[in-house]
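Contents: one structure, followed by commentary.
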Protein chains: 2
Amino acid sequence: MTTTDPQQEDAILRGFMGYRLKRAMNVFSSNLAVVLKPFDLRMITFSTLASVVNTPGVRLSQLAEILSVERPNLVAIVDELQKRNLIERKRDPNDRRAFGLFPTKAGQTLLHEAMQNVDVSERKILETFSDADMEHLTSLLAKIETAAKG
Amino acid sequence: MTTTDPQQEDAILRGFMGYRLKRAMNVFSSNLAVVLKPFDLRMITFSTLASVVNTPGVRLSQLAEILSVERPNLVAIVDELQKRNLIERKRDPNDRRAFGLFPTKAGQTLLHEAMQNVDVSERKILETFSDADMEHLTSLLAKIETAAKG
DNA sequence: ACAAAATAGTTATTTCCCATAACTATAACA
DNA sequence: TGTTATAGTTATGGGAAATAACTATTTTGT
């Protein structure tokens, strides 16, 4: 196809790190969508399930904060995962307002299969990256995150 | 690093480059939204306007491809920018199916003011980055993009 | 030359993402 | 004990993203 365009229509945007970051992100997020599709998971349901498996008993509000999702938006996600019997809500006996979120056996199994596939697909994308490249990229991205907090 | 910090509910996700990339991206995209708000621009209207200023006469379909937006979704964006008198559609005399998109004077002025502000805000985020850091990050992100195509 | 296929732009529709206000029930606090 | 804060939720709306299908042209194949 004719991608031999000498004049890059987005040249003016290439000067922004945010734009370059977004384009790189798109590679991962569209890949993720494809990989998760067979599991009937999306990015948000995947990361929610992963966090619940990682931290059994976690509260919805904790999850919302760590995943940068508004609490109301997470309710439907948790509902969906619970309806599919991948996680469950258990009333906290010490705080009857709250639920702890726990993975079911099925949830753990599904997550680990999905994670395995995501991992393989990411390795494919990053196949030309040296260990030093990986470490450097990871460190630079972390630096951006901390820059936002300080 | 497989150390599971009980404080980090997303520890399991930190192992994925896509997740780390997304978190870094969020810093830029939420910053962008704030910076563009006074101009009544969003990420998509900003990048569309920028591309039109960068490449006067560009077609909607070219824009859709370069910006990774589906053509139908770009129609409303172009409508919006045209209604605000920032760009205009001009029939291509050599291909009466197509329009060339051109910036108005107002569009150019608004874009340059907005770009100036975006640039300043990005510099703030990247304030602790050395020139070498910037070059390295840019090169690693470009490597991800090319990995997706090849 | 002309029918078939491709292209540019568009409309319509659907699903999902993201943000906010407001409600309930409990808990913490002063 | 009465006020305030917190956890979860409902409802709502705007915006992003994907797809099917249409009109008007242009290109292509024979």
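The sequence lines fix the lettering, A, B, ..., with proteins before strands; numbering per chain opens at 1.
- Between the CE atom of A:Met43 and the C1' atom of D:dA18 there is a distance of 16 Å, rounded to whole Å.
- B:Arg91 pairs by the salt bridge (charged side-chain N to carboxylate O under 4.0 Å, His left out) definition with nothing, not counting sequence neighbours.
- Partners of A:Thr138 under the side-chain contact (heavy atoms from CB on, under 4.5 Å) rule, at least two apart in sequence or in another chain, are B:Met17, B:Arg20.
- Of the possible polar contacts, one joining the A:His112 side chain to the A:Gln108 backbone as a donor-acceptor pair under 3.5 Å is found.
- Listed in residue order, the members of residues 16-27 of chain B having a heavy atom less than 4.0 Å from DNA chain C come to none.
- Counting 5' to 3', DNA chain C first comes under 4.0 angstrom of a heavy atom of chain B and last does so at the ends given by C:dA6 to C:dA12.
- Using a 4.0 Å cut-off between charged nitrogen and carboxylate oxygen, A:Asp79 and A:Arg89 count as a salt-bridge pair.
- Using a 4.0 Å cut-off between charged nitrogen and carboxylate oxygen, A:Arg14 and B:Glu145 count as a salt-bridge pair.
- Nearest approach of B:Val69 to B:Leu74, heavy atoms of both residues: CG1-N, 4.2 Å.
- A straight line from CD of A:Glu70 to C1' of D:dT10 spans 15 Å, rounded to a whole angstrom.
- The salt bridge (charged side-chain N to carboxylate O under 4.0 Å, His left out) analysis of residues 41-56 of chain A, with sequence neighbours excluded, yields the pairs A:Arg42-A:Glu80.
- Checked against side-chain contact (heavy atoms from CB on, under 4.5 Å), A:Phe39 has the following partners two or more places apart in sequence or in another chain: A:Leu41, A:Leu110, A:Glu113, A:Ala114, A:Asn117.
- If you take CG of A:Leu63 and C1' of D:dA7, they are 13 Å apart, rounded to a whole angstrom.
- Distance B:Arg71 CZ to D:dA18 P: 12 Å, rounded to the nearest Å.
- Taking the salt bridge (charged side-chain N to carboxylate O under 4.0 Å, His left out) definition, one finds that B:Arg96 meets it with nothing, sequence neighbours left out.
- Interface residues of residues 73-104 of chain B facing DNA chain C, ordered by number: B:Val75, B:Arg89, B:Arg97, B:Ala98, B:Phe99; criterion, heavy-atom separation under 4.0 Å.
- Atom-to-atom, CD1 of B:Ile44 to P of D:dG15 comes out at 13 Å; the value is rounded to the nearest Å.
- Residues satisfying the side-chain contact (heavy atoms from CB on, under 4.5 Å) criterion with B:Arg123, sequence neighbours excluded, are B:Asp119.
- An end-to-end axis angle of 30° holds for the helix from C:dA1-D:dT30 to C:dA30-D:dT1, taken from five base pairs per end and rounded to 10°.
- Per the geometry, CD belonging to A:Glu65 stands 12 Å off P belonging to D:dT6, to the nearest Å.
- By the side chain to side chain donor-acceptor pair (under 3.5 Å) test, B:Arg59 is found to be paired with B:Asp92, residues two or more places apart in sequence or in another chain being considered.
- A distance of 11.5 Å separates OG1 of B:Thr48 from CE of B:Met43, quoted to the nearest 0.5 Å.
- Under the side-chain contact (heavy atoms from CB on, under 4.5 Å) criterion, B:Arg97 pairs with B:Asp95, not counting sequence neighbours.
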